[in-house]
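As the structure lists them, so they are numbered: ligands from 1, and atoms in each ligand from 1.
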Amino acid sequence: MAPAGGCASTKGCGSSATGLDPEIAEKIANHPCYSQEAHQYYARMHVPVAPGCNIQCNYCNRKYDCSNESRPGVTSRLLSPEEALAKVKRVASEIKQMSVLGVAGPGEPLANAGRTLRTMELVARDCPDIKLCVSTNGLTLLDHVDRIEQLGIDHVTITINMTDPEIGARIYPWVLYRGKRHTGREASKILSDRQLAGLAALTERKILCKVNSVMIPGVNDDHLVEVSRTVRGMGAFLHNVMPLVSAPEHGTHYGLTGQRGPTPTELQALQDRCAGDDGAEMNMMRHCRQCRADAVGLLGEDRSEEFGPETYLNGEVTYDLAGRQQAHAAIERWRTDVRATREELRISADGIAKPARTVLIAVATKGGGVVNQHFGHAEEFWVYEAGENWARLVGTRSVARYCEGPSECDADESVLDKTVRLLSDCAAVLCGKIGNGPREALTAAGIDAVECYDLIDSAVAAQGARLAAATPSQSLTGPGGSPEPGQELAVARSMIASRLAAEV
Ligand code: CLF
Ligand code: SF4
């Protein structure tokens, strides 16, 4: 698929099912990219079946995977469609929460349409409960819309970095279209026209479309608000603005010419503008992890190394459909409980005005919607903005893993320092456990370290209420004279703890 990525205004991160057309709600219910809530429970896998490409992006080095959805500098082993099917069956039977198969590289999936669509055909035949997803640069999308619809590919991502060819000429040096190589403004005009025509054709067929955009400061950053408005007007469901990654060692044009990527603050500010502060009012994705073309597992985890060729090419793999259905039913029971708890706690960001005071809270989690990871084992933190009975995910931040075991828990100060800097704008970090050294470093930086084992939503809202309550000017009484949030949450938290104890 295409490049990397990661909320403000009153909209959620990715989409919640609230207020959605039931048909769309069903399509996104267990898609970890199209639903921020679903990404806590369901996994995706990519199969690298598409080697070639038909355009050149200035943020791509062909030695590596397509950067339109994966972090640059990663190389995947190419699979045939039949090998890909065998791998899908193996992974789906072992990681039963794997709900979506995507083709996102290592090149452009639709420049290799035969291999990509054959893979989808085989998986649709043998794995009927798996959703099919494709990412494309959009150049030849219009040629394949009928086949995409026939195969039941319900989710398509198009990487659209511009609708203005003048800007495009600074991103795309050339485009190969109908056997002819085009350069300059003409190349970007062809690409943009084809992308938008493909998007229109897909939305006309009610195929859910996500648009990925790479944010390139000084090139297309301001323009992406206009892109967001345009694609929303054409029926795109979701917009994923991702940061340019341009390390010189990746050998890309941008990397070699010193083009910088955005800071997390710049990225969030642009996402907020697209989400509504600037009138685009687009539904934004903020939990993208810029996956590899062979990614396996929950977003943010990479289990691809567990599934080498020896695990799926030696003998027939039986597809455990019944086992998968049981696992998904169990996940849905748990999700129903979590939603009920949110309603009891009156925690929401959907359609509710943001409180006057909010804080950022980082969470270490292994998934399942629970704060459950050791601080030192966290390779990424989920960052929430929270206030009284209000919480929303605003992004995820990756850190180097610095703790390999209890004895080394406080050892690598430099990585710890880096982690503290990464979270320096957060008021608190919630984690399953934390060593004394990291706790002291966080405290010295003004960040509370909170150990808990709780639902993320309730834990974040409780800490948001506590930290807001610490501000002298803030009222502690909820609307209509309701109980103080701290009291209300304390009662509800003990209830959640009982539920968790019963489930685990
Ligand atoms: Fe893969 Fe992309 Fe489908 Fe998701 S990834 S093809 S829509 S199943 Fe998701 Fe990964 Fe971000 Fe892509 S987190 S890079 S947005
Ligand atoms: Fe590279 Fe092609 Fe993907 Fe652009 S579309 S990032 S050139 S593989």
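When each atom of ligand 1 is checked for a heavy atom of Val100 under 4.0 Å away, the hits are 8 (S). Against a heavy-atom cut-off of under 4.0 Å, Arg289 is close to the following atoms of ligand 1: 11 (Fe), 13 (S). Set against the non-hydrogen atoms of Cys288, the atoms of ligand 1 under 4.0 Å away are 11 (Fe), 13 (S), 14 (S), 15 (S). Against a heavy-atom cut-off of under 4.0 Å, Cys133 is close to the following atoms of ligand 1: 3 (Fe), 6 (S), 7 (S), 8 (S). Every atom of ligand 1 is numbered from 1 in the order shown, and the set under 4.0 Å from a heavy atom of Leu299 is 13 (S).
We find that Lys96 and Asp320 are joined by a salt bridge, their nearest charged nitrogen and carboxylate oxygen being less than 4.0 Å apart. Under the 4.0 Å criterion applied to side-chain N and carboxylate O atoms, Glu266 and Arg260 are assigned as salt-bridge partners. A salt bridge is absent between Arg170 and Asp164: the closest approach of a Lys/Arg side-chain nitrogen to an acidic carboxylate oxygen does not fall below 4.0 angstrom. Arg397 and Asp425 are joined by a salt bridge, as a carboxylate oxygen and a charged side-chain nitrogen come within less than 4.0 angstrom of each other.
For the ligand labelled ligand 1, residue His155 lies outside the 4.0 Å heavy-atom shell. At least one heavy atom of Met285 sits closer than 4.0 Å to an atom of ligand 1. Heavy-atom separations between His31 and ligand 1 include at least one value shorter than 4.0 Å.
Aromatic pair Tyr42/His328: centroids less than 6.0 angstrom apart.
Judged as a salt bridge (charged side-chain N to carboxylate O under 4.0 Å, His left out), and not counting sequence neighbours, Arg125 has no contacts. Scored by the side-chain hydrogen bond (donor to acceptor under 3.5 Å, both in side chains) test, Arg118 finds Glu121 as partners (sequence neighbours excluded).
Residue His46: an N/O/S atom is found under 2.8 Å from atom 1 (Fe) of ligand 1. Backbone or side-chain N, O or S atoms of Cys53 reach atom 2 (Fe) of ligand 2 at under 2.8 Å.
If you look at Asn240 next to ligand 1, the close heavy atoms, those under 4.0 Å, all belong to the side chain. When heavy-atom distances to ligand 1 are checked against a 4.0 Å cut-off, Lys210 comes that close only through its side chain, counted from C-beta outward.
Classification of the Phe381-Phe375 ring pair by plane angle, with boundaries at 30° and 60°, yields tilted.
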